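By convention here, the first residue in the shown sequence is residue 1. Just so you know, these numbers come straight off a predicted model, no measurement behind them.
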Amino acid sequence: MDEFQEIALSSKNPVKLAERCTVFMESDLVSYHQKGVDTRDLIAGLCYAVVHNYLNRVVGKRKIGRRVMFLGGPSLNKGVVGAFENVLGRGLTVPMHREVLGAYGAAISVQERMIAEGTRESRFRGLDSVISDRMEYEEKVCRADPNCHNQCKLKIYDFGGKKTIWGGDCGRYEVIGARARQKENLFRLRDDLWMRAMDGLCRELAPGEFLHELDGRPTVGMQRSLYFFQTGILWAHFFDRLGYRLVISPPTNGTISSAGIESVAAETCYPVKVSHGHVAGLLGRTSYLFLPSIVDMPTPTSQERGFYCPLVQANRYMLQTALDLDNCNVLHAILHMKNDPEMIALELAGQLAPSLGRKRAEIHEALLAGIEANDRFSNELKRIGREKLEAHDPSEPLVIVTGRPYNLYDERLNLRLGRNLAKIGVSALPMDFVDLEGVDLSDFSSMYWGLGARILRTAKFVRRHPEAFGLHITNFSCGADSFLEHFFKYIMGEKPYLILELDEHSAVAGVMTRLEAFRNVIQNAVEELNRSLDDRKVSN
């Protein structure tokens, strides 16, 4: 540290590095080093890059006060302190022992919580016990859930008789021992309602199984990813009416994820990679494979465009290239779901009737049955959402979770977000439960994406409910969300929110840390709101 800060402070011309993340900073450092830039200027540039990254990414447009205190490990580096002071144009307060003041603050927070809960004694074992403890560990494969195929390799640590477990993908072990009262998992409720709506209309493909006929009907395979989470009920009823049986791939697991990553022909977001794994697992195992190209979705107003992401629209063509699909068994249709049912039926009939051997009138009738079933499911979610909102205690925070359905409702992609929020005592309402009728989006009149418009409407709903807070889940490499996140932040204003960017490398432990921190922030925000309301009542 001493050598690093001395080199940085001796620089005359610090280089300007990328401020987005350490990967880009490293690339810039290597590039400048190869060009012969002085080491002192490289090290000083790195200090400035850390400063700008924090100010632009974390602070953003928030107001910075006249007196600034710098705490934490980085504050031990005088080079970073100096860079902060130069950029802000003022001196910083850097107290002694600043590297541990965060722990001191955490201890005060725990003390305040104990007082509020009436708890007299801490469960801490004491420093002597910690110092004298010996650590042992063993490795095991997780068998907690017989229906889970991840086979996580767990490391079980024993600290003086107290066991902690690391290495699980689902967060099961990270939240064990949490004292918060567990909340209802509405993600699980949605899944239960979805299964009820699909009962008797589809079958999940088992490992190694071939289903070319089921219930005396030819089978149609469909991936359990991307547009399926919005339209699966529609297509299950559609094919049932036409005398076929829908067969869907299993929920995303490690095998499907790995197969998709290995087979994808170009770098994409994680959901598109997963899609490749789902389709690869269906190939040759059903009579037909249904791969529509869905261009757009229904919108609340005719002026809205409602387009799907280009990668979702082009999913069938990407799969064709990557997996060398046999077109003879692929049912492909380019569909504009924003159109009225009559027009959609014409599109379906013109493209699928020869393969299915059904008349246009039959396809039209089947489509109407599917749309009606899908609408019933959607309306049921909104009805339950209204009940949950009416019953919610306004003195407690409520998190409304937004995102694209293939992120929100795939437990592999969202790292079991619903279950983990419920376990740490956070009431969370997925986006589909929110009735957005009447939410005006005219100030975003050029919003191109159908799901983007729905996400921003939900953000506006959150903004006007004091006890509600926004959590948006997205993916690295999502081009549409790279714009949308800025609009989401703009709508939230000064209100606390959380954006989780996940991909195949994301670990549940890091996500749990952010969720727990977010819980503490919104609890404090609601407590402050309740205090201000009480003060107003007293003054009146």
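No side-chain heavy atom of Cys202 sits under 4.5 Å from any side-chain heavy atom of Trp235. Here the side chains of Trp449 and Phe483 are not in contact, with every heavy-atom distance at 4.5 Å or above. In this structure, the side chains of Asp503 and Ser477 stay at 4.5 Å or more apart for every pair of heavy atoms. In this structure, Asn407 and Leu502 have side chains that are not in contact, with every pair of non-hydrogen atoms separated by 4.5 Å or more. Looking at heavy atoms from C-beta onward, Val274 lies out of side-chain contact with Gln223 at the 4.5 angstrom threshold. Taking the side chain as every heavy atom from C-beta outward, Leu226 and Leu311 never approach each other to under 4.5 Å. By the 4.5 Å heavy-atom criterion applied to side chains, Arg457 and Val434 are not counted as neighbours. The side-chain heavy atoms of Leu186 and Leu429, taken from C-beta on, include a pair separated by under 4.5 Å.
Counting only distance, with no hydrogens or angles, the side chain of Ser482 and the backbone of Gly479 share a donor-acceptor pair below 3.5 Å. Between the side chain of Thr219 and the backbone N or O of Leu211 there is at least one donor-acceptor pair closer than 3.5 Å. Distance alone, capped at 3.5 Å, is enough to place a donor-acceptor pair between the Arg217 side chain and the Asp240 backbone. Remark: side-chain polar atoms of Lys460 are paired, donor with acceptor, to backbone N or O of Asp440 under 3.5 angstrom. Side chain of Lys495 to backbone of Val462: a donor-acceptor contact under 3.5 angstrom is found. A donor-acceptor contact shorter than 3.5 Å links the side chain of Gln351 to the backbone of Ile334. The backbone N or O of Tyr288 sits nowhere less than 3.5 Å from a side-chain atom of Asn329 that would complete a donor-acceptor pair. A donor-acceptor pair under 3.5 Å is formed between the side chain of Asn524 and the backbone N or O of Asn520. A donor-acceptor contact shorter than 3.5 Å links the side chain of Thr458 to the backbone of Arg454. No donor-acceptor distance shorter than 3.5 angstrom exists from the side chain of His237 to the backbone of Leu368, with no hydrogens or angles considered.
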Next on the checklist: Go through it in stages, so that I can follow the logic: the residues are Phe377 and Trp194, the test is side chain to side chain contact (heavy atoms under 4.5 Å, CB included), and I'd like the CA-CA distance, side-chain angles, deciding distance and then a yes or no.
Outcome noted: CA-CA 7 Å; Phe377 174 71; Trp194 178 88; 4.0 Å; yes

Checklist entry - Can you check side chain to side chain contact (heavy atoms under 4.5 Å, CB included) on Val511 and Asn420, steps first, answer last? => result CA-CA 10 Å; Val511 170; Asn420 291 330; over 6 Å; no

Item to check | Full working for salt bridge (charged side-chain N to carboxylate O under 4.0 Å, His left out) between Lys273 and Glu267 | outcome: CA-CA 8 Å; Lys273 294 176 184 177; Glu267 186 59 31; 2.9 Å; yes

Checklist entry - So Leu471 and Leu500, side chain to side chain contact (heavy atoms under 4.5 Å, CB included) or not? Walk me through it. => result CA-CA 8 Å; Leu471 191 166; Leu500 291 176; 4.0 Å; yes

Next on the checklist: What verdict does the side chain to side chain contact (heavy atoms under 4.5 Å, CB included) test give for Phe469 and Val521, after you've listed the backbone C-alpha separation in whole Å, the side-chain angles of each residue and the deciding distance to 0.1 Å?
Outcome noted: CA-CA 10 Å; Phe469 299 89; Val521 168; over 6 Å; no

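Between Pro405 and Gln230, the shortest heavy-atom contact is CG-CG, 3.6 Å. Nearest heavy-atom pair, Leu451 versus Met297, reported as atom, atom and distance to 0.1 Å: N-SD, 3.6 Å. The minimum heavy-atom distance between Ser355 and Leu331, with the atom names listed, is CB-CD2, 3.6 Å.
Qualifying salt bridge (charged side-chain N to carboxylate O under 4.0 Å, His left out) partners for Glu204, counting only residues two or more places apart in sequence or in other chains: Arg224. Legend: residues meeting salt bridge (charged side-chain N to carboxylate O under 4.0 Å, His left out) with Asp191, ordered by chain and number and at least two apart, are Arg188.
Taking the six-membered ring wherever Trp is involved, the centroid distance between the rings of Tyr406 and Phe229 does not fall below 6.0 Å. Aromatic ring centroids of Tyr308 and Tyr227 lie 6.0 Å or more apart.
Look at Lys388 and Glu184 and you find a salt bridge, because one of the NZ, NE, NH1 or NH2 atoms lies within 4.0 Å of a carboxylate O, short of that distance. Taking 4.0 Å as the cut-off between side-chain N and carboxylate O, Glu380 and Arg196 do not count as a salt-bridged pair. Asp481 and Arg404 are joined by a salt bridge, as a carboxylate oxygen and a charged side-chain nitrogen come within less than 4.0 angstrom of each other. Ion pair Arg376/Glu372 flagged as a salt bridge, since at least one NZ, NE, NH1 or NH2 atom sits closer than 4.0 Å to an Asp/Glu carboxylate oxygen.
Distance check: Phe487 CZ to Asp443 CG gives 10.5 Å after rounding to the nearest 0.5 Å.
Judged by a 6.0 Å distance limit and a 45° cone about the ring axis, Lys489 is not positioned over the six-membered ring of Tyr497.
A salt bridge (Lys or Arg N to Asp or Glu O under 4.0 Å) check over residues 341-363, counting only residues at least two apart or in different chains, returns the pairs Glu342-Arg360.
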